[in-house]
Amino acid sequence: MTSIGSGDGGWLRAMPAEAGRNALLSRDGHRVLSARRLSDLVQGRPPGVTGSQWTSASRASFDFVVYAADTGRPVVAVEIGPVPPAGSAEQRVERLKDAVSAAAGLPVLRIGSPTLRAVEHGRRLVEYVIDARGYAAGGTPAGATEPAPVGFRDILGRLPDGRTGPVNDLGTLTRAAAVEAYVAGRVADPIVRGLHVRWVDGPAQGWSWVQVRPDACLVEGVSVTEHRFSCGIDAARLAEDLATVAVGERLRENAVADLLPRAEWTAQIAALSQRRHELVGGFAFDHLCAD
């Protein structure tokens, strides 16, 4: 198969005009399309990609693609869902997609979660990332009560219950759901806890949990991988916030069957702390290592 890159040497395909008019959403100078195949984004086989790699990867798709409204060029391709098992066919396809995307210069944002899904959570996540990037670039969202430079995640404003707090905390609804579950006697503790790390040569990861019984926790973990892309906020903190969102989903659905013994979860946190030399900035959660 012959490579057929664009005349200016670029390999990314512009958004079709008709697709742009029917975008899933338009926000802050961006248009977002859903369910785009890699062949919709990359025009021809980039250098360094074999014919077999291209044939396999080009049929695979991303959940969302964010385009710049003015140029029509892809800003980032987004994928949300479970992390493929090691050695699986799904993992092989993911690696092929990464290889082709890297060769073409396509930015990719991958959210790994056993609970979060593109259909239910994707649109809100994409909007959040667009807003965070806009703020990081110099914008100031309406309703902010603190002057810059405060991070997007920590902007203070009026919360739904009337209190003042971080309006861009994705876990706000989960914290309210945990209190409701505690009042109803469905959890032993209303406090939602969390931690986050970023691996030197790997993704950012975050965990969130709530104590359902005195000896057992509902734990959710999320990974955030940024390839040639920045979310506009710390990826590790975003991972923790998304893990909190996942905890809230399970609380609202009363899906609390798969619990982790509290002592086992504490041991896992302690084991993570022993790998601090592999983490960007070390490990800042030693206080959680004692049961």
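- A donor-acceptor contact shorter than 3.5 Å is absent between the side chain of E264 and the backbone of P261.
- Side-chain heavy atoms closer than 4.5 Å link hydrophobic residues (I, L, V, M, F, W, Y) into clusters, and following such links, possibly through other members, connects L170 to L25.
- Side-chain contact between T55 and R59 is present, with heavy atoms from C-beta onward closer than 4.5 Å.
- If you take CD1 on I269 and OG1 on T266, they are separated by 5.5 Å, rounding to the nearest 0.5 Å.
- Under the 4.5 Å side-chain criterion, counting only non-hydrogen atoms from C-beta, P166 is in contact with L156.
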Hey, mind stepping through Y67 and V75 against side chain to side chain contact (heavy atoms under 4.5 Å, CB included) and telling me if it holds? CA-CA 5 Å; Y67 293 85; V75 173; 5.7 Å; no
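- Rounding to the nearest 0.5 Å places CZ of R228 at 11.5 Å from CG of L109.
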Given V167 and R158, is the side chain to side chain contact (heavy atoms under 4.5 Å, CB included) satisfied, shown in steps? CA-CA 7 Å; V167 293; R158 190 175 183 83; 5.8 Å; no
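- Here M15 contributes atom CE and H30 contributes atom NE2; the two are 11.0 Å apart, rounded to the nearest 0.5 Å.
- A continuous path of hydrophobic side-chain contacts links I130 to L242 [ILVMFWY only; heavy atoms under 4.5 Å].
- A perpendicular orientation is assigned to the rings of F152 and Y128, their planes being inclined by more than 60° (bins at 30° and 60°).
- Residues S101 and L38 share a closest heavy-atom pair of OG-CD1, 3.9 Å.
- Contact of the D40 side chain with the R13 side chain is not registered, since no non-hydrogen atoms from C-beta on lie closer than 4.5 Å.
- Every salt bridge (charged side-chain N to carboxylate O under 4.0 Å, His left out) that R275 has, sequence neighbours left out, goes to E278.
- Heavy atoms of other residues, nucleotides or ligands lying less than 6.0 angstrom from CZ of R95 number 12 at most.
- Distance check: S273 OG to L195 CG gives 10.5 Å after rounding to the nearest 0.5 Å.
- Between D154 and R237, at least one side-chain nitrogen of the basic residue sits less than 4.0 Å from a carboxylate oxygen of the acidic one, meeting the salt-bridge criterion.
- Taking 4.0 Å as the cut-off between side-chain N and carboxylate O, D28 and R133 do not count as a salt-bridged pair.
- By the ring-ring contact (aromatic ring centres under 6.0 Å, His included) test, F229 pairs with no residue at all, sequence neighbours left out.
- A salt bridge links R110 to E94: one of the charged nitrogens lies within less than 4.0 Å of a carboxylate oxygen.
- Under the 4.5 Å side-chain heavy-atom criterion for ILVMFWY residues, no single connected hydrophobic cluster contains both L96 and L106.
- For the pair R153 and D241, the salt-bridge criterion is met [side-chain N within less than 4.0 Å of a carboxylate O].
- When all heavy atoms of V179 and P190 are compared, the closest pair comes out as CA-CB, 4.1 Å.
- In the hydrophobic cluster analysis, where Ile, Leu, Val, Met, Phe, Trp and Tyr join through side-chain heavy atoms closer than 4.5 angstrom, L238 is grouped apart from V192.
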Would you sort out whether E249 and T115 count as a side-chain hydrogen bond (donor to acceptor under 3.5 Å, both in side chains), showing the intermediate values? CA-CA 8 Å; E249 289 295 308; T115 299; over 6 Å; no
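- Taking each heavy atom of V49 and A99 in turn, the nearest pair found is CG2-O, 4.5 Å.
- Listed for the S56 side chain is no donor-acceptor partner under 3.5 Å among the backbone atoms of Q53.
- Considering CG of L125 and SG of C231, their distance stands at 7.5 Å, rounded to 0.5 Å.
- A salt bridge links R276 with D286; the closest basic N to acidic carboxylate O contact falls under 4.0 Å.
- A 6.0 Å sphere centred on CZ of R92 holds no more than 12 heavy atoms belonging to other residues, nucleotides or ligands.
- Between R117 and P82, some side-chain heavy-atom pair lies under the 4.5 Å cut-off.
- Other residues sharing the hydrophobic cluster of I191, ordered by chain and number and joined by side-chain separations under 4.5 Å: none, the residue standing alone.
- Using a 4.5 Å heavy-atom cutoff, the side chains of L259 and C217 are not in contact.
- Applying the salt bridge (charged side-chain N to carboxylate O under 4.0 Å, His left out) test to R198 and every residue at least two apart in sequence or in another chain returns E226.
- For F285, the ring-ring contact (aromatic ring centres under 6.0 Å, His included) partners are H196, F283, not counting sequence neighbours.
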Would D258 and R250 count as a side chain to side chain contact (heavy atoms under 4.5 Å, CB included) if you check the C-alpha gap in whole Å, the side-chain angles of each, and the deciding distance to 0.1 Å? CA-CA 10 Å; D258 297 323; R250 291 182 61 186; 3.9 Å; yes
Considering only distance and modelled atom types, tabulate donor-acceptor pairs under 3.5 Å from the side chains of residues 202-210, sequence neighbours left out.
residue : atom : partner : partner atom : Å
Q205    : OE1  : W199    : NE1          : 2.5
S208    : OG   : R193    : O            : 3.2
S208    : OG   : T244    : OG1          : 3.0

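- Here CZ of R213 is found 14.5 Å from CG of D189. Values are rounded to the nearest 0.5 Å.
- Closest approach of R186 and L251 over heavy atoms only: NH1-O, 3.2 Å.
- Nearest heavy atom pair, residue S223 against residue V83, reads OG-CG2, 3.9 Å.
- Nearest heavy atoms, L33 versus A23: CD2-CA, 3.5 Å.
- Of the possible polar contacts, none joining the S88 side chain to the P84 backbone as a donor-acceptor pair under 3.5 Å is found.
- Within the 4.5 Å cutoff, side-chain heavy atoms of L173 are placed close to those of R252.
- Side-chain contact between V78 and V108 is absent, with no heavy atoms from C-beta onward closer than 4.5 Å.
- Counting heavy atoms from C-beta on, the side chains of I80 and F64 come closer than 4.5 Å.
- Residues L116 and L24 share a single hydrophobic cluster, defined by chaining ILVMFWY side chains whose heavy atoms lie under 4.5 Å apart.
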Applying side chain to side chain contact (heavy atoms under 4.5 Å, CB included) to S34 and D63, what does each step give before you reach the verdict? CA-CA 6 Å; S34 60; D63 295 314; over 6 Å; no
